[in-house]
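All figures in this text were calculated on a predicted structure; none of them were measured in a lab. Within every chain, numbering begins at 1; the chains are lettered A, B, ... in the order of the sequence lines, protein sequences first and strands thereafter.
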There are 2 protein chains.
Amino acid sequence: MGVTIKDIAKLANVSHTTVSRALNNSPLIKENTKRKIIEIANQLNYSPDVHARSLVLQKSYTIGLFLTRLSNGTSSSFLAETIKGVNSVIDENYNLYVRGIQDFQDFSAITRKRFDGIILMSQSDIDNAFIYHVLEKEIPLVVLNRQVEERSIVNVLSNDQEGVYEAINLFIENGHRNIALIEGTSHFRSSQERKEGYIKALIDFKLPILQEYMVKGNYDMESGYKAMKKLLALENPPTAVFCSNDDMAIGAMKAVNDAGLFVGADFSIIGFDDIGFSEYTSPALTTVKRPIEKISMVGAQKLLQLMDDVIEENEPIYLTTNLVKRQSVVDLNKKNS
Amino acid sequence: MGVTIKDIAKLANVSHTTVSRALNNSPLIKENTKRKIIEIANQLNYSPDVHARSLVLQKSYTIGLFLTRLSNGTSSSFLAETIKGVNSVIDENYNLYVRGIQDFQDFSAITRKRFDGIILMSQSDIDNAFIYHVLEKEIPLVVLNRQVEERSIVNVLSNDQEGVYEAINLFIENGHRNIALIEGTSHFRSSQERKEGYIKALIDFKLPILQEYMVKGNYDMESGYKAMKKLLALENPPTAVFCSNDDMAIGAMKAVNDAGLFVGADFSIIGFDDIGFSEYTSPALTTVKRPIEKISMVGAQKLLQLMDDVIEENEPIYLTTNLVKRQSVVDLNKKNS
DNA sequence: CTGTTAGCGCGTTCAT
DNA sequence: ATGAACGCGCTAACAG
């Protein structure tokens, strides 16, 4: 069934070693025989047995892409962009093994033999245990999206705090003073980062920090909807709400609409991520663009380097967010004048 | 670095053969020694070398999940649901290799050795070449989402035509007569299926089929937006539009809004897929739910069976779509009365 | 430049 | 019930 180098060797009247070398383009082989061997290989439609090669080379040609979870709190676009980003960088000879960490009972199957390298799209502190395991096994590791204490780890992420700060700043420029926050999943690091950006901005602009203006969500649309309902029911409701991701912003917009108000006219919302849909909501959603696909690409590139040379500079790499202004923020200055 | 069965053998004062058998729970080994060996293995944190095992067992523990493309025409939710569905069925010992077919120059790397089985989420006829290759290599194959001629292939899909028919039916029940269609990517089979459902319904209800009411799109939001603009600019614009997927429906809704009209009041839209967002558009989008995650799960299960027993019944498996009625369809009967 | 030999880690006859 | 020897397909020393 499978053609092996031995088969080729027979036909070419050489040893299987010569075939191996020829196919690997070794300079030790005469151009002539090399050509002959390659010819035969093509004719026989030969393709090497990856497992035999892996076994002797101690290399698996497999990269593990792990997310904290695959469902519940991981939006589709987040997952898709991550995979696309990584896939666009690593070549087809590599297997890309995609899993959620939560799927694992124990990590005994995560070995150096099995993975040449691991990319962790980390959303929460709860995968620290995973990180330690990988570190202990000395598998090259890149952690994306969440700052990690260990200096030895390559870390690629976006500066969420700054992004949120800009968003709040935009609200303030537009005359808003009652600015609320819908938070992400509580133990996700990103939720905390964004909350801190919110609080920092309020402090800098000397605005009061109100408990009732900080409502918990869990990054899905429904939670955004519910959170907004709560805010709207307040005695002194906000005029503007920052949502910790776009999914929740879309839920929130729905709640505003259901209350008979119009986003962009009566009420202001800013989201986070800039998923594809945010351009097509009505009105189009102003949001903080987070470069997930870019982060994944850079992360994958870093991992490839790490697998080769062992790079030293382990400074976290920050990719900047940027504020995409669309139509979901009301300018109170104009409105009142 | 890596613990092997030989290491365990030494410590247990047995041969590596015995260790192998013990770890594979062979009945040939005394319970006593078996326990001892397992004990040592745990202590040493042993985990088998997958490549060595693959080499000797001729089994790769890898399942290939291929999509026609990963970007351009493949929506995020589609990709994400597919992966989630497959992942939920296959256990963690399996690698899941995810790729777009378009990434491949040639298929020589797609071998029986490398993949125990392949799931193809097929979106277009253009991957027929891929299918033939896989078939020729005798790799167990399940094709999802698109009907395939070969009887020998396990085929899991949804009955799109019927789903669309139901949607058009709903329009008609609500008094609509000028019903347009926004089509999906032109060479995708799903686009044709849905178009056929549309035409079939029009014929059955004795409505005229107008060229100008069938506008091409490519499954992304922007194309839906543009297509709707065209329809709105018609001399005799439709009152209702079926969009071949939800992404385009969302684009179309945006176009309606931009024209100063209100979906659900002045204009009717139905989408296809029921992606997460469609519940949160304003108004909530009526749509034909297609069970992508379910299809993927069933497909994965079938593949596992196929890899074991070689199942015979190769009838295509149809999973039913169902119409999710929300608020994007106007009832003309009520309105006019 | 090419061939001989060995070995990667594992499972599997064939002995005993 | 256990072990010795072999082979999966490949690469890498070591000769020549």
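Note: CG (A/Leu55) to P (C/dC10) measures 9 Å, nearest angstrom. Rounding to whole angstrom units, CZ of residue A/Arg53 and C1' of D/dC8 are separated by 16 Å. Residue A/Ile5 contributes atom CD1, which lies 11 Å from atom P of D/dA12 at whole-angstrom precision. As a whole-Å value, the separation of B/Ile8 CD1 from C/dG9 P is 13 Å. Between the CZ atom of A/Arg112 and the P atom of C/dC8 there is a distance of 18 Å, given to the nearest Å. Protein atom CG of A/Leu23 is 16 Å distant from nucleotide atom C1' of D/dA12, rounded to whole Å. Atoms CG (B/Asp49) and P (D/dC8) sit 18 Å apart, rounded to a whole Å. Here the P atom of nucleotide D/dC8 and the CG atom of A/Asp7 are 11 Å apart, to the nearest Å.
B/Leu28 comes within 4.0 angstrom of a base, heavy atoms only. Among the atoms of the strands shown, none is found under 4.0 Å from any heavy atom of A/Asn32. Residue-level contact check: A/Thr33 touches the backbone only, with heavy atoms under 4.0 Å from sugar-phosphate atoms and none from bases. Within 4.0 Å of A/Leu57, counting heavy atoms only, lie sugar-phosphate atoms of the nucleic acid but no base atom.
Residue B/Ser15 places its side chain closer to D/dA4 than to any other of D/dC8, D/dA13, D/dA4. Counting only heavy atoms from C-beta on, B/His16 has its side chain closest to D/dC6 among D/dG9, D/dT2, D/dC6. Relative to the side chain of B/Val14, the nucleotides D/dG3, C/dC10, D/dC8 differ in distance, and D/dG3 lies closest. Comparing D/dT2, D/dC8, C/dT2 by their nearest atom to the side chain of A/Lys30 picks out C/dT2. For A/Val56, whose side chain is taken as the heavy atoms from C-beta onward, the closest listed nucleotide among D/dA13, C/dC8, C/dC10 is C/dC8. The B/Asn24 side chain lies nearest to C/dG11 when the options are C/dG9, D/dC8, C/dG11.
Using cut-offs of 30° and 60° on the angle between ring planes, the pair A/Phe66 and A/Phe115 is perpendicular. Between A/Tyr219 and A/Phe188, the ring planes lie tilted relative to each other; the angle falls in the 30° to 60° range.
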Next item on the list: Quick one: do A/Tyr97 and B/Thr62 satisfy side chain to side chain donor-acceptor pair (under 3.5 Å)? Show the steps, please.
Entry: CA-CA 9 Å; A/Tyr97 173 94; B/Thr62 297; over 6 Å; no
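Looking at A/Ser20, its side chain has no donor and acceptor atom pair within 3.5 Å of the base of D/dA12. A donor-acceptor contact under 3.5 Å is formed by the side chain of A/Thr17 with the base of D/dA12.
A side-chain hydrogen bond (donor to acceptor under 3.5 Å, both in side chains) with A/Arg146 holds for exactly one of A/Asn155, A/Asp125, A/Thr68; it is A/Asp125.
Under a 4.0 Å N-O distance rule, the pair B/Arg35/B/Glu39 does not qualify as a salt bridge.
Along DNA chain D, the nucleotide nearest to B/Gln58 and the one nearest to B/Asn13 differ in position, and the one closer to the 5' end is contacted by B/Asn13.
No more than 12 heavy-atom neighbours from other residues, nucleotides or ligands sit within 6.0 angstrom of NZ on A/Lys6.
Taking side-chain N and O atoms only, A/Tyr46 has a distance below 4.0 Å to OP1 or OP2 of D/dC10.
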